[in-house]
Amino acid sequence: MNPEKEAIPLIESLSEELGIDWINTDRTSDDWKVKLYEQPSTGKQLAIYDRKSTLLRLEHPAPSIPGVLEKDQCPKSDALSKFARSRFKDRSGFCVEVENKVALQELLSRYFGAVNSVSTAALGSVLAVEATAPKTSVPAKTAPDDARAARLARLAAAPRKPQKMVVERTEFARNPDVVAEVLYRAQGYCESCHAPAPFVKATNGEPYLEVHHVVPLAEDGDDTVDNAQALCPNCHREAHFG
């Protein structure tokens with residue numbers, strides 16, 4: 001996927017919904033080398049390189065998404081290292097190559113937080129699905145009780161590529177001070193299992209924990225310190241799915 005003709009226009013079309021800004025505008029001309037985007041509400045950054053393919057630099061490992069390929073290391077970039085507001089120094093961070101627009105939209109949504117609305121014009125004609133629809137509307141059929149032969153027959157007849165869709169969601173503007181205070185309170189230890197954070201962030205050396213709302217915001221929970229916990233990734237997943 002061409003970064004200038006496809007990736008950059010898509011990122012900029014979603015910038016308002018994602019709440020991200022292009023911050024190194026003073027260091028970038030028509031002959032740009034790297035563009036740096038930041039989400040002011042969280043401080044999270046993402047960089048995109050001027051290459052033949054779409055190469056992104058992230059602050060933490062990318063989730064597993066079809067069409068997003070992890071790279072062994074990030075290329076050195078003086079433009080990033082010398083920019084005062086950049087969190088990417090030397091070869092820090094995690095780099096991925098993104099193959100198509102659908103993969104890029106999914107990565108942006110999961111990295112910065114779900115978009116409020118999506119421009120279907122940027123992505124082409126795709127299936128629109130309301131996030132408020134029942135979960136059974138787009139089921140992931142595991143069919144644990146089906147005979148294996150029947151399951152294999154369905155797999156053989158199934159398309160190799162999944163159906164594309166755009167999901168409309170409502171996103172909460174979380175208070176970054178709540179996040180910061182909860183992480184400070186935890187002092188690098190999960191507030192559920194009490195184990196130390198599984199790793200430290202490559203960008204700043206801080207313990208990696210995730211802030212979870214005990215009463216979810218979607219269920220009218222408060223965005224406050226006393227309704228939040230700093231959890232390791234395992235405990236966070238258990239809180240949602242256990």
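In this structure, Lys76 NZ and Lys89 NZ are separated by 13.0 Å, a value rounded to the nearest 0.5 Å. We find the CD-CD1 distance between Glu99 and Ile65 to be 12.0 Å, quoted to the nearest 0.5 Å. Between atom CG of residue Asn234 and atom SG of residue Cys193 there is a gap of 8.0 Å, rounded to the nearest 0.5 Å. Atom NE2 of His194 is separated from atom CD of Glu191 by 8.5 Å, given to the nearest 0.5 angstrom. Between atom CG of residue Leu36 and atom CH2 of residue Trp22 there is a gap of 11.0 Å, rounded to the nearest 0.5 Å. Annotation: the span from Ser41 atom OG to Arg174 atom CZ amounts to 9.5 Å, rounded to 0.5 Å.
At least one side-chain heavy atom of Asp21 sits under 4.5 Å from a side-chain heavy atom of Pro40. Side-chain contact between Leu104 and Leu56: present, with at least one pair of heavy atoms (C-beta onward) separated by less than 4.5 Å. Two residues are said to be in side-chain contact when any heavy atoms from C-beta on lie closer than 4.5 Å; Tyr37 and Ile11 meet this criterion. Between Lys52 and Asn2, every side-chain heavy-atom pair lies at or beyond the 4.5 Å cut-off. Side-chain contact check for Ser77 versus Tyr49: some heavy-atom pair is nearer than 4.5 Å. A 4.5 Å side-chain heavy-atom check between Leu46 and Leu108 finds at least one atom pair inside the cut-off. Here the side chains of Pro75 and Leu55 are in contact, with some heavy-atom distance below 4.5 Å. Annotation: side chain of Glu97 is not in contact with side chain of Thr54 (no heavy-atom distance under 4.5 Å).
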- I would like to know whether Cys232 and Ser192 meet side-chain contact (heavy atoms from CB on, under 4.5 Å); could you show each step before the answer? CA-CA 8 Å; Cys232 67; Ser192 178; over 6 Å; no
- Message: Would Gln45 and Glu38 count as a side chain to side chain donor-acceptor pair (under 3.5 Å) here? Give the steps.
- Response: CA-CA 4 Å; Gln45 294 184 350; Glu38 182 178 75; 2.9 Å; yes
- Mind running side-chain contact (heavy atoms from CB on, under 4.5 Å) on Phe112 and Ile20 for me, showing each step along the way? CA-CA 8 Å; Phe112 286 117; Ile20 60 176; 3.7 Å; yes
- From CA spacing to verdict: side-chain contact (heavy atoms from CB on, under 4.5 Å), Glu210, Gln229: CA-CA 8 Å; Glu210 300 172 352; Gln229 292 178 300; over 6 Å; no
- Please report the C-alpha distance between Asn24 and Arg85 in whole Å, then the side-chain angles of each, then the deciding distance to 0.1 Å, and finally whether the side-chain contact (heavy atoms from CB on, under 4.5 Å) criterion is met. CA-CA 8 Å; Asn24 66 332; Arg85 291 176 60 187; over 6 Å; no
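Judged by distance alone, the side chain of Ser109 and the main-chain N or O of Gln105 form no donor-acceptor pair under 3.5 Å. Put simply, the side chain of Ser86 never gets that close to the backbone of Ser81: no donor and acceptor are under 3.5 Å apart. Between the side chain of Arg57 and the backbone N or O of Leu80, no donor-acceptor pair lies under 3.5 Å. For Lys201 (side chain) and Pro207 (main-chain N/O), no donor-acceptor pair under 3.5 Å exists by modelled atom type. The backbone N or O of Glu206 sits less than 3.5 Å from a side-chain atom of Asn204, completing a donor-acceptor pair. Side-chain atoms of Asp220 do not come within 3.5 Å of backbone N or O of Val215 as any donor-acceptor pair. Checking side-chain atoms of Tyr184 against main-chain N and O of Val179 turns up no donor-acceptor pair under 3.5 Å. One N or O on the side chain of Gln39 and one on the backbone of Leu18 form a donor-acceptor pair closer than 3.5 Å. Formation of a donor-acceptor pair under 3.5 Å by the Asp223 side chain with backbone atoms of Asn175 is found in this model. Using a distance-only test at 3.5 Å, with no hydrogens or angles considered, a donor-acceptor pair links the side chain of Tyr111 to the main chain of Glu59.
The shortest heavy-atom contact between Ala103 and Pro66 is CB-O, 3.4 Å. Smallest separation of non-hydrogen atoms from Val98 and Leu107: CG2-CD2, 4.0 Å. Closest non-hydrogen pair, Ala202 versus Ser92, comes out as O-CB, 4.3 Å. Here the closest non-hydrogen pair linking Ala228 and Val182 is CB-CG2, 3.7 Å. Glu17 approaches Ser13 most closely through the heavy-atom pair OE1-O, 3.3 Å.
Cluster membership for Phe94 and Val68, using ILVMFWY side-chain heavy atoms within less than 4.5 angstrom, is not shared. Ile48 and Leu69 are members of different hydrophobic clusters when ILVMFWY side chains are connected at heavy-atom separations under 4.5 Å. Leu183 and Tyr208 fall into different hydrophobic clusters, defined by Ile, Leu, Val, Met, Phe, Trp and Tyr side-chain heavy atoms under 4.5 Å apart, directly or through other members. Put simply, Leu231 and Leu209 are part of two different groups of oily side chains (I, L, V, M, F, W, Y) that touch within less than 4.5 Å, one to the next.
No more than 12 heavy atoms of other residues, nucleotides or ligands sit less than 6.0 Å from atom CD of Glu70. No more than 12 heavy atoms of other residues, nucleotides or ligands shown are found within 6.0 angstrom of OH on Tyr189. Heavy-atom contacts from other residues, nucleotides or ligands closer than 6.0 Å to CD of Glu238 number 12 or fewer.
Note on ring orientation: taking the six-membered ring where Trp is involved, the planes of His212 and His236 are perpendicular (angle over 60°, cut-offs 30° and 60°).
Salt-bridge check for Arg110 with Glu106: passed, with a basic side-chain N closer than 4.0 Å to an acidic carboxylate O.
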